[in-house]
Amino acid sequence: MIGLGGAIGAGLFVGSGAGIAVAGPGIVVSYVLAGLLMLAVMRMLGEMSAAAPSTGTFSLHAERAFGPWAGFTVGWLYWSLLVVVLAIEATGAAGIVHAWIPGVATWVWVLLFMAVLTATNLAAVGAFGEAEFWLAVLKVGAVVGFLVLGSLALFGLLPGTHAVGLSNVTGHGGMLPAGWHGVLTGTLAVLFSFGGAEIVAVAAAESDDPVRGISRSMRSVVWRLMLFYVGSMALIVALLPWNELKVGESPYTAVLDHIGIPAAAQLMNVVVLSALLSALNANLYSASRMVHSLARRGEAPAGLLKVSGRGVPRRAVLASAAFGFVSVLLNLIWPQTVFLWMLDSVGAIGLVVWISVGMSQLRLRARMQRDAERPAVPMWGFPYVTLLALTAMAAVLVLLAADGSTRPEVVGTGLLTAAVLVAAAVRSHFSRRATAAE
């Protein structure tokens with residue numbers, strides 16, 4: 001449930017409209033392509049995490065594969081991404097509640113959400129798991145309910161509906177109104193909505209049986225996500241003409257309104273609110289565990305190593321939440337300047353992390369084969385599927401850089417990556433000098 005909840009967010013419920021606008025019914029193909037790439041990345045991550053369970057996940061795997069500089073770079077990049085995204089989620093959630101209760105300022109809700117979920121993460125890890133489970137239940141329940149209601153409406157089995165068949169898919173320009181270029185553009189638009197599923201490897205590392213947890217979760221999460229994402233998109237474009245959907249508005253709300261579900265917009269607002277709070281909760285958890293893992297390896301301040309009697313790295317939680325509070329403040333004060341620059345700086349980090357997963361798995365699996373070891377969760381078709389996934393991710397990065405609207409994110413991520421690499425090199429230099437002096 002934590003893995004499903006981590007990947008089902010506002011990007012699916014609201015952001016999917018942007019993908020439909022550029023790909024039309026071809027968005028179904030876009031989600032299949034993006035989902036297959038996510039499936040490959042999750043399997044690679046599963047293989048490495050089953051072999052070496054750790055809350056540092058891909059940062060630790062990068063270090064095992066290429067050395068401390070790689071673990072340092074990947075870990076700090078991912079932490080930077082998470083703490084900036086906290087601001088987006090807190091502000092988005094506050095905006096929804098402010099619309100319901102306009103008498104209370106937005107910043108008050110931001111402060112409340114950050115405080116409550118920080119407190120949740122400071123408690124035992126079971127408190128985080130319990131909160132994330134129930135938030136995930138609401139989101140998963142909403143998607144399952146949508147799939148059931150949409151399927152009934154598609155065949156005219158709901159009162160006031162009639163079977164529409166494939167008329168909305170084949171009409172209005174056909175299945176691919178913008179051709180394969182539209183499908184590719186749609187894939188770029190929806191690819192990052194799959195981000196967040198990797199939290200399952202972090203959470204499983206703190207379970208009673210990490211290897212079994214990772215093995216079971218990786219198998220179940222990816223197939224359910226494919227069903228939820230692809231199934232939802234197929235119903236949306238079948239039930240409504242794709243060119244009547246408005247970008248920025250939830251296509252889920254449009255379908256529920258169309259089939260006569262009362263108060264559909266408010267129902268979807270509740271679901272999106274739960275999605276944002278769930279993502280905020282999960283990202284704070286992941287950020288704290290990542291920076292704690294870095295501290296354990298001597299790549300972050302040693303003070304972040306301290307844990308509570310229940311095993312919670314409270315200083316790491318507070319450090320991650322503190323930057324979250326700061327970034328929220330920047331969002332409220334300078335949304336079009338400083339905060340926008342921060343967003344551009346971390347926009348493509350998720351893709352960089354996925355590439356690091358592929359490269360690490362390629363090297364670590366080759367090492368296992370050399371030592372005649374067998375992975376507990378083997379990657380399919382190694383090394384060909386790994387190489388194909390890496391090629392696809394490199395192509396996505398090039399396409400994002402070539403697109404004027406997304407180029408600032410790639411440039412910003414590149415500059416931040418370069419800065420972290422320089423910091424890693426400086427740290428390595430002084431570490432070698434200290435060792436030589438001893």
Side-chain angles (χ1 to χ4, degrees), residues 1 4-5 7-21 27 31 88-106 108-110 112-113 116-117 131-164 168 190 193 224-225 227-281:
M1 289 301 295
L4 288 173
I8 298 175
L12 173 63
F13 294 118
V14 180
S16 53
I20 294 173
I27 193 64
Y31 268 101
I88 305 171
E89 293 151 353
T91 307
I96 292 174
V97 181
H98 177 69
W100 294 337
I101 312 174
V104 180
T106 302
V108 175
W109 294 112
V110 171
L112 178 63
F113 294 146
V116 169
L117 293 176
E132 190 62 19
F133 173 81
W134 289 110
L135 288 170
V137 164
L138 181 56
K139 291 189 291 184
V140 171
V143 176
V144 172
F146 180 84
L147 292 173
V148 172
L149 291 173
S151 298
L152 292 174
L154 185 65
F155 295 103
L157 300 178
L158 281 183
T161 63
H162 63 278
V164 295
N168 287 322
V190 305
S193 64
R224 285 173 173 80
L225 284 177
L227 171 64
F228 291 166
Y229 275 66
V230 176
S232 294
M233 290 305 111
L235 285 173
I236 289 169
V237 298
L239 289 167
L240 288 177
W242 68 272
N243 51 4
E244 292 183 8
L245 296 170
K246 298 178 181 178
V247 177
E249 296 183 6
S250 171
Y252 287 76
T253 301
V255 168
L256 293 176
D257 276 331
H258 177 72
I259 63 179
I261 303 300
Q266 290 305 322
L267 285 172
M268 193 50 59
N269 276 337
V270 172
V271 174
V272 172
L273 176 62
S274 74
L276 289 166
L277 293 179
S278 170
L280 174 56
N281 188 41

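The first residue of the sequence shown is numbered 1, and numbering continues consecutively from there.
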Over all atoms of both residues, closest heavy-atom pair of [X] and [Y]:
X	Y	result
Ala131	Asn281	CB-ND2, 4.0 Å
Ala238	Asn168	O-ND2, 3.0 Å
Val190	Gly19	CG1-CA, 4.3 Å

At what distance, to the nearest 0.5 angstrom, does [atom1] of [X] lie from [atom2] of [Y]?
X	Y	atom1	atom2	value
Leu158	Ile259	CG	CD1	5.5 Å
Thr106	Ile96	OG1	CD1	11.5 Å
Ser16	Ile236	OG	CD1	5.0 Å
Phe113	Leu277	CZ	CG	5.0 Å

Any side-chain heavy atom of [X] within less than 4.5 Å of one from [Y]?
X	Y	result
Met233	Ile20	yes
Ile101	Trp109	yes
Thr161	Leu239	no
Leu147	Val143	yes

Restricting to side-chain contact (heavy atoms from CB on, under 4.5 Å), what partner residues turn up for Ala21, sequence neighbours left out?
Val247
Per-pair distances, 0.1 Å, donor-acceptor, side chain in residues 264-274, under 3.5 Å, sequence neighbours excluded:
residue, atom, partner, partner atom, Å
Gln266, OE1, Trp100, NE1, 2.7
Ser274, OG, Val271, O, 2.7

Donor-acceptor under 3.5 Å ([X] side chain, [Y] main chain):
X	Y	value
His258	Leu240	no
Ser232	Tyr229	no
Ser250	Phe13	yes

ring-ring contact (aromatic ring centres under 6.0 Å, His included) pairs touching residues 134-160, sequence neighbours excluded, are Phe146-Tyr252
Given Val144 and Val140, is the side-chain contact (heavy atoms from CB on, under 4.5 Å) satisfied, shown in steps?
CA-CA 6 Å; Val144 172; Val140 171; 4.2 Å; yes
